[in-house]
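Since the structure comes first, as structure tokens, the remarks are kept for the end.
The chain is numbered in sequence order, starting from 1. The model shown is predicted, which means the values in this text are computed figures rather than measured ones.
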Amino acid sequence: MIHNTTVYSGRPADTAGRLEKELQTYDLLDSLSIPYLRADHPAAYTIEGCQEAEQLLHITICKNLFLCNAQKRNFYLLMLPGHKKFRTAVFSRQIGSSRLSFAPSEYMEEFLGLTPGSVSVLGLMNDKNNRVKLAIDKEILHSEYIGCHPCINTSSLKIKTSHIIQRFLPAVGHDYITVDLPE
């Protein structure tokens, strides 16, 4: 339940109690001239826990899944609309990788600097060695805005999809592949 129904433009004025990784996210977005709206809320660990933030920001928060192959050599961040069900076989076929599963949280922390529940495309700023391949469902690419966490699940951001694709990803040295996952 969101206690604060205020939508803010940009970074918090008072950064007391904010984690460094959240502040670094705002620093990077600001340096890239990427505007964003922000809603602060209690920790949201699931897509269902983001529903009030979605209503407040008038967006759909992306479901972000951190996956790996059985050998734990290939890692993927999959962005898909929150309402879509993840079907491993369909995704695996489209990216040409078999036996995918959720990656252990220690790899999420090591590669993206994130913890479970706070996975976001913005975590790619911490993947300096490009260990994680980004896959985006085409429905996300057709949306004007995306909703995501600023590397912590106590805030949600509304950002133009084009700004993520054209400014953020090139700045952090990542490309993406498009996938088409069924409803």
Would you mind checking if K133 and D175 are paired as a salt bridge, meaning a charged N to carboxylate O distance below 4.0 Å?
no
Could you tell me which residues satisfy side chain to side chain contact (heavy atoms under 4.5 Å, CB included) with N129, sequence neighbours excluded, listed by chain and number?
R131
So, for K21 and C151, which heavy atoms are closest and what is the spacing to 0.1 Å?
CE-O, 3.2 Å
Applying side chain to side chain contact (heavy atoms under 4.5 Å, CB included) to E109 and not counting sequence neighbours gives T115
Under the salt bridge (charged side-chain N to carboxylate O under 4.0 Å, His left out) rule, collect the residues that match up with D14, sequence neighbours excluded.
none
Rounded to the nearest 0.5 Å, what separation is found between the CG atom of D40 and the CD1 atom of I152?
11.5 Å
Looking at side-chain heavy atoms only, is the closest gap between L122 and C148 below 4.5 Å?
yes
Expected output: side-chain K158 to main-chain L37 donor-acceptor under 3.5 Å:
no
Backbone N/O of S118 and side chain of N153: donor-acceptor pair under 3.5 Å:
no
Contacts of N64 meeting side chain to side chain donor-acceptor pair (under 3.5 Å) (sequence neighbours excluded), chain-then-number -> none
What residues, two or more places apart in sequence or in another chain, satisfy ring-ring contact (aromatic ring centres under 6.0 Å, His included) together with Y145?
none
Is a side-chain N or O of Y36 found less than 3.5 angstrom from the main chain of R11, in a donor-acceptor match?
yes
If a pair satisfies ring-ring contact (aromatic ring centres under 6.0 Å, His included) and one of its residues is in residues 97-140, list it, with sequence neighbours excluded.
F75-Y107, F75-F111, Y107-F111
Taking R167 for its side chain and S33 for its backbone only, find out whether a donor-acceptor pair lies under 3.5 Å.
yes
Using 0.5 Å steps for rounding, measure from the CD atom of E144 to the CD1 atom of I146.
12.5 Å
Could you tell me if E183 and H83 have a donor-acceptor pair between their side chains, going purely by distance under 3.5 Å?
yes
Can you tell me if S155 and H149 form a side-chain donor-acceptor pair at under 3.5 Å?
no
Can you find a heavy atom in the side chain of H174 that is under 4.5 Å from one in the side chain of N130?
yes
